[in-house]
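Here the structure is laid out as C-alpha cells; the discussion comes afterwards.
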2 protein chains.
Amino acid sequence: MIKFFDVLRKCSLFDGIEDENLDKILHCLRATPDFYDKKFTIFTEGKPVKYIGIVLSGSVQAVQVDYYGNRSILTETTPGGMFGQAFACSGAIPDTLSYIASEPSDIMLLDCNHILHTCSNNCGFHQQMIYNLMKNMANANIELHQRIEITSKRSTREKLMAYLSLYAQKTGSNEFDIPFDRQELADYLEVERSGLSSEISKLRAEGVIESNKRHFVINM
Amino acid sequence: MIKFFDVLRKCSLFDGIEDENLDKILHCLRATPDFYDKKFTIFTEGKPVKYIGIVLSGSVQAVQVDYYGNRSILTETTPGGMFGQAFACSGAIPDTLSYIASEPSDIMLLDCNHILHTCSNNCGFHQQMIYNLMKNMANANIELHQRIEITSKRSTREKLMAYLSLYAQKTGSNEFDIPFDRQELADYLEVERSGLSSEISKLRAEGVIESNKRHFVINM
DNA sequence: TAAATTCTGTTGAAAATCCAACAAAACGGA
DNA sequence: TCCGTTTTGTTGGATTTTCAACAGAATTTA
C-alpha cells in the first residue's frame with residue numbers, strides 16, 4: 001500500500017484529506033491493491049459494477065464492441081484516476097461496456113456503499129469523500145462532452161486535429177506523447193485505422209504536424 | 001409554483017423528500033420559475049454555468065456548433081429533468097456548448113452552492129439532495145455513454161436503428177413518438193439530414209419500420 | 001539470435017456520406 | 001383563407017470513408 005501512497009493522495013476522491021488520515025480511510029474501506037495483466041477485463045459488460053476502480057499504475061480503458069465488431073474506446077484512465085463510478089453509484093448495468101486493463105496495471109477497488117454510508121467506526125471522512133465523488137463525476141461528465149465534441153466532427157482529419165489540439169491544451173505544450181497506439185486512437189476517434197494512418201501522413205507532408213509513433217508535434 | 005408542483009416532485013433532486021417539505025426547500029433555495037421562448041439560450045457557451053436547471057415544461061437541448069457549422073445535440077431534457085449540473089458543480093466553463101430551449105419552456109434555476117452547503121436556516125435536506133444530485137450525475141453519465149454507443153455506429157442506418165431500439169426499450173413499446181424533428185434527429189445522430197431522410201424511406205420500404213413524422217413503429 | 005507476432009503505412013476499388021438544389025407538404029400568422 | 005416560412009423527402013455528383021490485402025518496421029518470445 002505504501003508503494004502507491006503518492007498516487008493515492010493525488011486521486012481526487014481523497015482531496016482535502018490529510019495524509020495521516022488516508023491510511024485510516026483505506027483501512028475503513030477495506031481497500032487493497034490488485035494486479036491485472038494487460039487485456040484483463042476488470043468489469044465485464046452485462047454484469048453489475050460493484051466497485052469504484054482507482055488506477056495505481058498502468059491504465060484502464062472503457063471499451064465497447066458492437067454487433068459488427070467495431071470497437072470504441074470511451075475513456076482512458078491513468079494513474080490517480082477513477083473508473084466505473086457512474087455505474088457503481090447508479091446501480092445501472094453496462095450492457096455493452098467493459099473496463100479493460102490496457103497495460104499491466106495495479107488497481108484498487110472500493111465498495112461504493114462504504115464510501116456513501118457512514119461507517120460504524122465513525123470515521124468522519126465520508127462527507128468529504130461524497131463531495132469529492134460528486135465533483136469527480138461532474139468532471140467525468142465533462143470529459144465525455146469533450147470526447148463527443150471530438151468524435152462529432154465529420155471527417156477523420158478534423159477528428160484527429162480536434163483530439164491533438166485538446167491534448168496539447170491539456171498538457172500545455174504543442175509537443176507530447178499520446179496514450180494510444182494507432183488502432184486505439186482509431187477506436188477512440190471512431191474512424192478506420194488505415195484511413196487514420198494515411199491522414200496522419202498527409203498532415204505530416206503538409207507540415208501541419210510532425211509525428212513519430214505516439215509522439216506528436218503541432219506546428220502553428 | 002403550485003402550478004409546477006407535480007413536475008417538481010418527480011425531479012430526482014427531490015427524491016425521498018416529503019411533499020410538505022418541498023415548499024420549504026424551494027423557499028430556502030430562493031427558486032422561482034422563469035419562462036423562456038423557443039430558441040432562447042439559457043446557458044451560453046464560453047460563460048460559467050452558475051445554476052442547475054430544472055425543466056418544468058417544454059424542453060432544453062445541450063447543443064454545440066463547430067467551426068464548420070455542424071450542429072450536434074448532446075442531450076434533450078424533458079419536464080422533471082435537470083441540465084447543466086456537471087458544469088455548475090465542477091465550475092468548468094462549457095467552451096463550445098450551450099443550453100437552449102427547444103420549445104417555449106418553464107425553467108427553474110437553482111444555485112448549486114445553496115444545494116451543496118448547509119444553509120443558515122438549518123433546513124436539514126441538503127444531505128439528501130447532495131446524495132440525489134450524485135445519483136443524478138451518475139445517470140447523466142450513463143446517458144452520455146448510451147448516446148456514444150449510438151453515434152459510434154459507422155453508418156446512418158445503424159445509428160438510426162440503434163437510436164430507435166433504445167427509445168423503444170426506454171418507453172417499453174415498439175410504437176412511440178420521438179422528441180426530435182428530422183434536422184434535430186440528424187444533429188443528435190451526427191449525420192446528414194438528407195441522408196437520414198432517405199435512409200428512413202429505405203427502411204420503410206423494406207418493412208423494417210413504419211413512420212410518419214415523429215411517430216415510429218419498429219416491426220419485429 | 002532467430003522466429004513469430006504485432007504494429008504501421010500504403011494502395012485501390014467499393015460503398016457510403018456529404019452537399020446543393022429542388023419540390024411537395026405541413027404549418028403558422030395575418 | 002391566403003401567403004410566407006419551415007419541414008421533409010428526393011436525387012445525382014463530388015468527396016470521403018471503408019474494406020481488404022500486403023509489406024516493411026518494430027517488438028516480443030523462445
Side-chain angles (χ1 to χ4, degrees), chain A residues 37-39 61 65-73 100 102-104 150-163 177-206 208-216, chain B residues 37-39 61 65-73 100 102-104 150-163 177-206 208-216:
Chain A
D37 284 321
K38 181 174 178 173
K39 294 192 180 177
Q61 296 174 344
V65 181
D66 75 10
Y67 181 78
Y68 301 95
N70 288 316
R71 191 174 76 139
S72 298
I73 298 175
I100 300 173
S102 58
E103 309 169 40
I150 291 168
T151 57
S152 71
K153 298 272 181 287
R154 296 302 208 273
S155 70
T156 300
R157 166 178 289 232
E158 282 169 38
K159 288 184 188 186
L160 175 61
M161 287 310 295
Y163 173 77
D177 290 286
I178 64 172
F180 297 129
D181 64 27
R182 284 289 177 277
Q183 184 63 60
E184 288 173 328
L185 181 56
D187 293 341
Y188 184 84
L189 299 179
E190 289 162 7
V191 297
E192 270 303 300
R193 181 197 59 78
S194 64
L196 174 60
S197 268
S198 88
E199 204 63 51
I200 289 173
S201 298
K202 281 183 203 164
L203 285 165
R204 201 160 34 202
E206 294 171 21
V208 179
I209 63 171
E210 296 164 41
S211 81
N212 184 288
K213 309 260 180 76
R214 295 179 177 217
H215 191 75
F216 285 83
Chain B
D37 284 321
K38 181 173 177 175
K39 294 193 180 174
Q61 296 174 345
V65 181
D66 74 10
Y67 181 77
Y68 301 95
N70 288 316
R71 191 175 76 141
S72 297
I73 297 175
I100 298 173
S102 58
E103 307 170 41
I150 290 168
T151 57
S152 72
K153 299 272 181 290
R154 295 303 208 274
S155 70
T156 299
R157 165 176 292 231
E158 282 170 38
K159 288 183 187 186
L160 176 61
M161 287 310 296
Y163 174 76
D177 290 285
I178 64 172
F180 296 130
D181 64 28
R182 285 289 177 277
Q183 184 63 60
E184 289 173 328
L185 181 57
D187 292 341
Y188 184 85
L189 299 178
E190 288 162 6
V191 298
E192 269 303 299
R193 181 197 59 79
S194 64
L196 174 61
S197 269
S198 88
E199 205 62 53
I200 288 173
S201 298
K202 280 184 204 163
L203 284 165
R204 202 160 33 199
E206 293 171 23
V208 179
I209 63 171
E210 296 164 40
S211 80
N212 183 287
K213 310 259 178 77
R214 295 180 176 214
H215 191 76
F216 283 83

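Each chain gets a letter, A, B and so on, in the order the sequences are listed, and its residues count up from 1. All values below were derived from every heavy atom in this structure, side-chain atoms included, with hydrogens, water molecules and symmetry-related copies excluded.
Phosphate contact (OP1/OP2 of D:dT17, side-chain N/O of B:Arg154, threshold under 4.0 Å): absent.
Looking at every heavy atom in both residues, A:Leu160 comes nearest to A:Leu203 through CD2-CD1, 3.6 Å. Closest approach of B:Glu190 and A:Thr151 over heavy atoms only: OE1-O, 4.0 Å. In plain terms, the two heavy atoms of A:Leu185 and A:Phe180 that are nearest each other are N-CB, 3.6 Å.
Base contact: A:Arg193 has a heavy atom under 4.0 Å from a base atom. Counting non-hydrogen atoms under 4.0 angstrom, B:Thr156 reaches the backbone sugars and phosphates but no base. Nucleic acid contact class of A:Ser197 (heavy atoms, under 4.0 Å, all strands): base.
In this structure, A:Val191 and A:Lys213 both approach DNA chain D, and ranking their closest nucleotides by distance from the 5' end singles out A:Val191.
Candidate nucleotides C:dT8, C:dC19, C:dT17 were compared by shortest atom distance to the side chain of A:Asp181, and C:dT8 ranks first. Of the candidate nucleotides C:dG9, D:dT18, D:dT11, D:dT11 has the atom lying nearest to any side-chain atom of B:Ser198.
Side-chain to base pairing of B:Ser194 with C:dC19: one donor and one acceptor N or O lie within less than 3.5 Å of each other.
In this structure, CG of B:Leu160 is placed 15 Å from C1' of C:dA16, rounded to the nearest angstrom. We find that CD of B:Glu192 is positioned 13 Å from C1' of D:dT16, with the value rounded to whole Å. For the pair A:Lys38 NZ and C:dT5 P, the computed distance is 16 Å after rounding to whole Å.
The pair B:Lys159-B:Glu199 does not count as a salt bridge, with every side-chain nitrogen at least 4.0 angstrom from each carboxylate oxygen.
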